[in-house]
Each structure stands twice: as structure tokens, then as C-alpha cells.
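Input: a single structure, listed below in C-alpha cells.
In what follows, chains carry the letters A, B, and so on, assigned in the order in which the sequence lines appear, proteins first and then strands, with residues in each chain numbered from 1.
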Amino acid sequence: MSKTNYDLQLSPVKSNIRIRFAPSPTGYLHVGGARTAIFNWLFARKYGGSFLLRIEDTDVERSGTDMVEAILQSMRWLGLDWDEEVVRQSDRLDIYSKHIDELIDGGHAYKCFCTKEELDRRREATNDKKQDYKYRHDRTCLKRDTDQIASLEREGRPFVVRLKLPMGVTSFHDEIYGDIKVDHRQLDDFILLRSDGYPTYHFAVVVDDHEMNITHVLRGEDHVSNTPKHILIYQAFGWQLPVYAHLPMILGPDKKRLSKRHGATSVGEYERAGYLPETMLNFLSLLGWSSGDDRELFNRSELVQHFSLDGIAKKSAVFDDKKLEWMNGQYIMQLSDQELLQLTLPYLKSSALLDDEFVARNRPYLDRVVALLKHRLKRIGDVVAMSGYFFQDPGEFEEKAVRKYWQDSEICAKLALLSTRLQELTEFDGEHIESVMRTLAEELETSAGKLIHPARLALTGVSFSPSMFEVMELLGKETVLRRLQAAMEYVKANRVTQETPGS
RNA sequence: GGCGCAUUCGUCUAGUGGCCUAGGACGUCGGCCUCUCACGCCGGUAACACGGGUUCGACUCCCGUAUGCGCUACCA
């Protein structure tokens with residue numbers, strides 16, 4: 001009952017909703033940030049609002065310009081398009097300082113000349129728990145008169161600007177978490193403008209959201225506790241509040257906040273490993289949101305169609321790589337052979353399995369190779385490990401399989417016979433190959449498997465592959481005969497060493 | 001420590017007081033298909049954190065405890 005019904009309230013076509021994603025360029029776009037971006041984007045697209053991007057680069061130390069482009073790149077990869085020019089906080093320093101003056105003039109904020117060292121000392125001197133120290137307890141600098149302040153400024157003493165916290169309680173409504181109340185005693189005269197002239201996150205967020213006419217703030221749950229501070233700033237300005245909706249966090253398998261030590265966390269890493277953007281979009285959407293029914297697979301437009309704030313959970317979610325893998329497999333299977341080939345090519349080329357010339361000449365062959373592999377791939381990058389024998393004769397044979405399939409004393413004779421029969425075959429296709437092998441197996445009074453497995457090892461070097469008949473057809477008669485020959489030679493050579501004592 | 005928020009199978013989740021003998025998905029286990037590996041299909045496994053209330057009736061509402069996470073910075 002507490003949630004707003006946007007479906008009824010808003011036109012599905014066009015609305016005044018303005019929403020933003022505001023990453024700080026201190027690293028690549030990680031999956032948690034991506035999930036926030038996705039929810040914002042879905043919300044905007046669903047209700048015909050505008051989706052904006054703002055780079056929060058007020059931390060000069062940790063921000064990197066190259067990170068900005070990397071983040072935008074990941075956004076594009078995910079298909080999250082934004083509607084207006086990207087806003088950078090570092091371009092807006094004059095705006096913040098203009099607004100800070102407004103607050104100081106209005107008596108809502110004040111300059112503070114206390115140094116960090118001084119504050120540490122005071123914190124240390126607090127008898128109670130250290131965390132209990134609050135600047136508002138002494139407000140040393142709020143007590144200074146204008147002359148004093150002017151003279152300190154003339155001396156060139158660095159200062160920060162603090163919010164003059166009113167007493168009382170701030171409560172607000174969160175679309176996900178409901179009503180939240182915080183007593184100002186928990187807060188402090190927190191800093192709005194740092195001594196280097198840069199705004200703090202709290203100040204910049206409020207000024208920008210207001211200036212950009214942001215109507216809805218959809219961000220991580222870690223900001224719930226910050227929201228009262230932001231509201232206090234809005235109130236100091238007399239500005240109208242946006243609607244708040246906080247999203248549950250994404251955790252690692254150990255239930256700790258997702259971080260580097262959990263392995264891959266940036267969307268770029270998933271991209272490189274061969275996850276599809278469709279997969280990431282779908283999977284991340286399901287982390288903390290559900291449509292309400294049993295559906296799991298949603299394409300982009302279906303997500304837009306079904307998305308709703310009502311479906312968002314309160315509980316933080318663990319990122320499950322296994323489910324991601326499964327889902328990626330599902331999306332890979334939906335790809336056409338041509339699309340799959342296009343995606344696998346970069347991996348194949350960089351592995352030196354094939355080059356441009358080969359690609360140009362063997363298009364149909366490659367289409368069929370990926371078609372055979374399609375149901376086996378979890379990640380596009382897996383193609384390299386699974387397709388070697390389509391491009392090169394096996395250099396070695398899987399040891400365990402050799403022991404299992406080639407220890408038969410008759411094996412060479414069988415392979416030779418198979419080779420002969422295949423050579424005689426005029427129509428070298430799967431169907432005919434199958435009948436040759438099955439017939440031969442019958443003649444030899446053995447099962448087809450007893451022929452197929454050794455042949456697979458000979459042709460691929462490993463014990464698993466797609467259908468042997470189809471693989472043979474694709475490889476072509478010449479290659480098949482050559483590899484069978486090589487296998488027989490290997491077996492003979494291997495026999496000799498086996499007879500050597502001590503081996 | 002203080003304050004805030006959360007708590008359904010291993011994981012993602014459905015559930016808004018009787019529809020719950022708690023549903024689906026991933027994983028896992030077993031089987032089928034089968035030339036192997038996959039795919040696919042069938043079946044099994046497994047959860048309401050705990051304790052008090054409220055109610056004719058609680059997974060659902062209230063209180064407490066525990067646990068986890070967040071904020072408590074001149075990081076965002």
C-alpha cells in the first residue's frame with residue numbers, strides 16, 4: 001500500500017521522469033554498479049522518462065579519466081543508452097561554490113578552519129567511544145565572528161564548509177524500504193565543501209540532482225543512511241525532494257560485499273570471458289528483482305515491459321556464477337550460426353587457430369563448426385579449447401582415453417579396415433559414414449561404440465566431441481584418412497615402448 | 001559502540017492472514033535419450049533464523065533476541 005503505483009500514475013509514452021546513473025570513475029564498471037544502472041535505465045524506458053549519466057569525479061586522487069571512457073564503453077556494451085550529454089562534476093566546480101555561498105549567506109552552512117589533525121586530536125580526547133565525537137558538539141568555527149573569519153581567510157588558512165545541522169528528526173519514504181526515520185543526533189555538521197574547493201559527495205549529489213531536475217533517485221542500499229543528510233541539504237536550499245528508492249546490495253559467495261577478491265567483478269571481465277550482453281542484462285536484472293511469476297528469461301524489451309519497482313526485493317543478493325553460466329548457455333543457443341561465428345572469431349584468431357585468410361575462404365565450414373559447438377558453449381571464449389581439432393591435426397592424444405580405447409591388440413587392424421572402407425566411400429556425409437561404421441562393427445561382431453570411440457580419439461585427440469559422423473563429414477575424407485593413419489602409427493610406436501622393460 | 005536496514009531450499013526468488021502438504025529457477029543427485037561430451041526430457045534432494053505475542057488461524061502483523069550488511073571520513 002505504501003508504494004506508488006506508477007502504472008496508473010504515468011503515461012507509458014512520455015513522462016517528466018528524469019533519472020540518472022552516477023558512477024565514480026575510481027575503477028571499471030562493476031556488476032553492482034551495472035545492476036544499478038540497469039534498474040535506472042529500465043525505469044526510465046518503461047515510463048518514458050529520461051535516463052542521464054553523471055560522472056562523480058570529485059575525488060581527484062582516485063578518479064581517472066581513462067576510467068570514464070571504460071565505464072561508458074561498458075554501458076554501451078550492455079545497451080544502456082543515455083539521453084543527454086554526460087555530466088561531469090569536475091566541470092561544475094563554480095556551480096557548487098555558488099551554491100555553497102548561498103547556503104552560508106542563508107546561515108545554513110559555515111566555514112570551518114579546524115584541521116584534520118586538530119579534529120583527530122579532539123576525537124582522541126573524547127572519553128566515550130571515539131565514534132561518538134561529533135563536530136557539532138563544540139562547533140568551534142561556528143562561534144567565530146565575521147572579523148575573525150575574514151582574518152583567517154586573509155592569512156590563507158584552508159577551510160571546509162560544514163552544514164549547520166538543525167535539531168530534530170528526518171524521516172522519508174523509500175519506495176522499496178518504506179518509511180525511515182533518523183534522529184539528527186546520529187548526524188554531524190558534515191562537510192559540504194572540502195578545503196581543496198571540491199564538493200563532497202553529499203553536496204554534489206544534491207546540487208546536481210536538483211540542477212538536472214532529477215525526479216527519482218534509484219541507488220544502492222548503502223545510501224539509505226546517507227539519505228537524511230541529503231534531505232537536510234535539500235531543506236537548507238528549500239528545494240523539492242526527489243522520490244527515493246534504494247536497491248539491495250549484491251554480495252559475493254561469502255556474503256561479503258562484492259570485491260576484487262571474489263574474482264571477476266567488472267563487466268569488462270565478463271565481456272572478455274565471452275558472456276553476452278543479453279545475459280548480463282537479464283541476469284543482473286534478476287538480482288534483486290523478479291517479475292512476480294516464474295519467468296527467468298527476459299530479453300531487453302520484455303524487461304522494460306515487465307519491470308516495476310514493486311518487484312524489487314529488500315534482501316541483498318549473492319552473485320551466483322553458476323546460474324550466470326547457465327543463462328549464458330541459454331542465450332548462446334539462441335544465436336544463429338552466423339552470429340555465433342562472428343562472436344567466436346576474435347577468440348579463434350587470437351588463439352592462432354586460424355587467420356583472416358582461412359576465415360575468408362572457409363565461411364561455410366566455420367558456420368558448421370560453430371553450429372556443432374553451439375549447445376556446448378557456456379562462454380564464447382570456450383570455443384578455443386573445444387575446437388582445435390577442426391583446424392589442426394591433434395598433436396597429442398588424451399592419455400586416459402588412449403589407455404581406454406587403444407589398448408585393444410586389434411585396434412590397428414580395425415582402424416585400418418575403417419580407413420579402407422571410408423576411402424571407398426563416394427558420398428562422404430554423415431549418413432553414409434554412419435552406415436559404414438555400423439556395418440563394419442557388425443562384421444567385426446562388436447558394438448558401434450567400440451569403433452566410434454577409438455576413431456574419435458584418432459580424429460580429435462580427446463574423448464569427447466560432437467557426433468562422430470558429423471565431425472568426420474566436416475573434416476572431410478582426406479583429413480580423416482590422414483589422422484587415422486597418424487593414429488595407427490602412434491599406436492605402433494606406443495606398443496614398442498610398452499614392451500620395453502621398466503616403462 | 002551508536003544508529004539504520006535486512007533475514008523463505010547451498011544460491012536467485014514466488015508468497016501481501018486461510019489457496020502452503022511453501023511454488024519456480026540455478027546447483028546437486030538419480031534416470032531417460034545416446035557414439036562420447038553437451039543439449040533435451042523425467043524424477044529426487046533441500047528453506048519460512050530463534051523466542052514471545054496478536055488472531056479462530058500466521059511464512060505473512062507486532063515485540064524482543066541472534067546473525068548479516070550499511071552509515072558513523074576533507075571516499076563515493
### Query
C1' atom, rU60(B) versus rG23(B): distance in rounded Å?
16 Å

### Message
Distance criterion of 3.5 Å, no angle test: do you see the side chain of Ser467(A) paired donor-to-acceptor with the base of rC35(B)?
### Response
yes

### Query
Taking all non-hydrogen atoms of both residues, which atom of Ile71(A) and which atom of Gly27(A) are closest, and how far apart?
CD1-O, 3.6 Å

### Task
Measure from the side-chain heavy atoms of Tyr177(A) and tell me the nearest of rC39(B), rG70(B), rC5(B).
rC5(B)

### Query
Is Phe469(A) touching bases, backbone alone, or none of the nucleic acid, heavy atoms closer than 4.0 Å?
base

#### Entry: Letter per nucleotide, 5' to 3', of nucleotides 41-49 of chain B [B base touched, S only sugar-phosphate touched, - untouched; heavy atoms, 4.0 Å]
---------

### Query
Are a donor atom and an acceptor atom from the side chains of Arg219(A) and Thr227(A) found within less than 3.5 Å of each other?
yes

### Task
Please work out if Arg257(A) contacts a base, only the sugar-phosphate, or nothing of the nucleic acid, heavy-atom cut-off 4.0 Å.
sugar-phosphate

### Query
Should Arg194(A) and Asp196(A) count as an ion pair when the cut-off is N to O under 4.0 Å?
yes

### Query
When you check the gap from the basic side-chain N to the acidic O, do Glu153(A) and Arg157(A) get nearer than 4.0 Å?
no

### Message
I'd like the C1' distance from rC5(B) over to rC9(B), given in whole Å.
### Response
24 Å

### Message
If I take atom CD in residue Glu118(A) and atom P in nucleotide rC74(B), what distance separates them, rounded to the nearest angstrom?
### Response
13 Å

### Message
Categorize Pro248(A) for me: base, sugar-phosphate, or nothing, with a 4.0 angstrom heavy-atom threshold over every strand shown.
### Response
nothing

### Query
Which whole number of Å gives the distance between the C1' atom of rU67(B) and that of rA76(B)?
28 Å

### Query
Can you tell me how far P in rA73(B) sits from the matching atom in rC3(B), rounded to whole Å?
16 Å

### For His230(A), the option from Phe172(A), Phe190(A), Tyr201(A) that meets ring pair (Phe, Tyr, Trp, His ring centres under 6.0 Å)
Tyr201(A)

### Query
Taking the P atom of each, how far is rC59(B) from rG52(B), in whole Å?
14 Å

#### Entry: Separation between the P atoms of rA38(B) and rU28(B), rounded to whole Å
10 Å

### Message
Below the 4.0 Å mark, does rA38(B) have OP1 or OP2 next to a side-chain nitrogen or oxygen of Gln330(A)?
### Response
no

### Query
Taking the P atom of each, how far is rG64(B) from rG4(B), in whole Å?
11 Å

### Task
Ignoring the backbone of Arg376(A), work out which of rA38(B), rG70(B), rC35(B) is nearest its side chain.
rA38(B)

### Message
For His210(A) versus Tyr234(A), what's the shortest heavy-atom pair and its separation?
### Response
N-OH, 4.4 Å

### Query
Is any side-chain N of the basic residue among Asp189(A) and Arg136(A) closer than 4.0 Å to the acidic one's carboxylate O?
no

### Query
Which part of the nucleic acid, if any, lies within reach of Ala448(A) when heavy atoms closer than 4.0 Å are counted: base, sugar-phosphate only, or nothing?
nothing

### Task
Quick one: label Val318(A) by what it contacts on the DNA or RNA (base, sugar-phosphate, nothing), any heavy atom closer than 4.0 Å.
sugar-phosphate

### Message
Taking atom types as they are modelled, would you say the side chain of Ser316(A) forms a donor-acceptor pair with the base of rC69(B) within the 3.5 Å cutoff?
### Response
no

### Task
Name the nucleic acid region contacted by Lys450(A), choosing base, sugar-phosphate or nothing; use a 4.0 angstrom heavy-atom cut-off, strictly under.
nothing

### Nearest to side-chain heavy atoms of Ile191(A), which nucleotide of rG40(B), rC12(B), rC74(B)
rC74(B)

### rU55(B) and rG68(B), which share atom name P, separated by this distance in whole Å
35 Å

### Task
Decide whether Asn328(A) and Thr279(A) meet the rule of one side-chain donor and one side-chain acceptor closer than 3.5 Å.
yes

### Query
So, does the side chain of Lys323(A) form a donor-acceptor pair with the base of rA25(B) at under 3.5 Å?
yes

